[in-house]
Amino acid sequence: MTDIYEPPGLAELTGLFEALGAGDAVGWAESEAEEGIPQLARFRFLRMVWQDIDAWSAAAPGWAEARREDGPAGAAVERALRLGLTPAELGEIAREIAKETAFGLLHGLGGPADGDLPPGTEARLPGWCLAELSPDGRPTGRVLRALHEDLDEAEPQGPAGGIA
């Protein structure tokens, strides 16, 4: 058994991207196979982020009703519904806010320096990264960089199938 991680081949990668619902499964797979970028891990992570983003619109009737009665936004939700906004419309607003928040977090993950601290302090602070693990849980040594750049590209276009 070797300690070096070998990613799947192009055909298997393409099938996995298709199973995850990638719109351009071949493009994502070719990028990983040819450039060595951990695109499958990136896409899988971004797919999970999109599931959370989309939950704000998909579950709007439930959360709108719950927040209408309780929570810090209760009065605002109640006013919006009284003024004629539907739970679905509130869900679309919440989805866009969630998308912008996700983008900001992903951007910050790639480069935590935001210029609000003196350069000498900023240079001494730790950063962070998101790293790929093999299917059996071993670190592959590959880092998922610049995830914010592919957030829009990974947006689901319809229901995704499961991985067989």
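Residues I53 and V49 meet the side-chain proximity criterion, which asks for heavy atoms closer than 4.5 Å. P38 has its side chain out of reach of T140: every pair of non-hydrogen atoms, C-beta onward, lies at least 4.5 Å apart. Contact of the L16 side chain with the P8 side chain is registered, since non-hydrogen atoms from C-beta on lie closer than 4.5 Å. Put simply, the side chain of L133 does not reach to within 4.5 Å of the side chain of R138, judged on heavy atoms. F103 is not listed as a side-chain neighbour of L147, based on a closest heavy-atom distance of 4.5 Å or more.
Shown here are the side chain to side chain contact (heavy atoms under 4.5 Å, CB included) partners of R82, two or more places apart in sequence or in another chain: E78, R79. The side-chain hydrogen bond (donor to acceptor under 3.5 Å, both in side chains) test applied to R67 returns no partner, not counting sequence neighbours. Partners of A80 according to the side chain to side chain contact (heavy atoms under 4.5 Å, CB included) rule, which considers only residues two or more places apart in sequence or in another chain, are L85, L90. With sequence neighbours left out, P61 forms a side chain to side chain contact (heavy atoms under 4.5 Å, CB included) with P87. Applying the side-chain hydrogen bond (donor to acceptor under 3.5 Å, both in side chains) rule to D116 yields no partners; only residues at least two apart in sequence or on another chain are considered. Residues satisfying the side-chain hydrogen bond (donor to acceptor under 3.5 Å, both in side chains) test with D24, not counting sequence neighbours, are none.
A 6.0 Å sphere centred on CZ of R44 holds no more than 12 heavy atoms belonging to other residues, nucleotides or ligands. The environment of R142 atom CZ is dense: over 12 non-hydrogen atoms of other residues, nucleotides or ligands sit within 6.0 angstrom. Counting heavy atoms of neighbouring residues, nucleotides and ligands inside a 6.0 Å radius, atom NE2 of H148 exceeds 12 of them.
A donor-acceptor contact shorter than 3.5 Å links the side chain of W50 to the backbone of L151. Side chain of E32 to backbone of Q39: a donor-acceptor contact under 3.5 angstrom is found. Judged by distance alone, with hydrogens and angles left aside, the side-chain atoms of W28 form no donor-acceptor pair with the main-chain N or O of L40 at under 3.5 Å. Side-chain atoms of T101 come within 3.5 Å of backbone atoms of I97 as a donor-acceptor pair (strictly under, hydrogens ignored).
The minimum heavy-atom distance between C129 and V143, with the atom names listed, is CB-CG1, 3.8 Å. When all heavy atoms of W56 and A98 are compared, the closest pair comes out as CD1-CB, 3.6 Å. Nearest heavy atoms, A64 versus V77: O-CG1, 3.4 Å. Of all non-hydrogen atoms in L144 and A131, the two that sit nearest each other are CD1-C, 3.9 Å.
A continuous path of hydrophobic side-chain contacts links L130 to W128 [ILVMFWY only; heavy atoms under 4.5 Å].
The distance from atom CD of E122 to atom CG of L117, rounded to the nearest 0.5 Å, is 5.0 Å. Atom CD of E30 sits about 12.5 Å away from atom CD1 of I37, to the nearest 0.5 Å. Note that CH2 of W63 is 9.5 Å distant from OG of S57, once rounded to the nearest 0.5 Å. Here the straight-line distance linking atom CG of L106 with atom CG of L46 works out to 6.5 Å at 0.5 Å rounding.
By the 4.0 Å N-to-carboxylate-O rule, R95 lies close enough to E155 to be salt-bridged with it.
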Mind running side-chain contact (heavy atoms from CB on, under 4.5 Å) on R42 and D150 for me, showing each step along the way? CA-CA 9 Å; R42 289 169 52 79; D150 287 326; 2.4 Å; yes

Evaluate side-chain contact (heavy atoms from CB on, under 4.5 Å) for L10 paired with V26, printing each intermediate quantity in order. CA-CA 8 Å; L10 184 59; V26 172; 5.9 Å; no

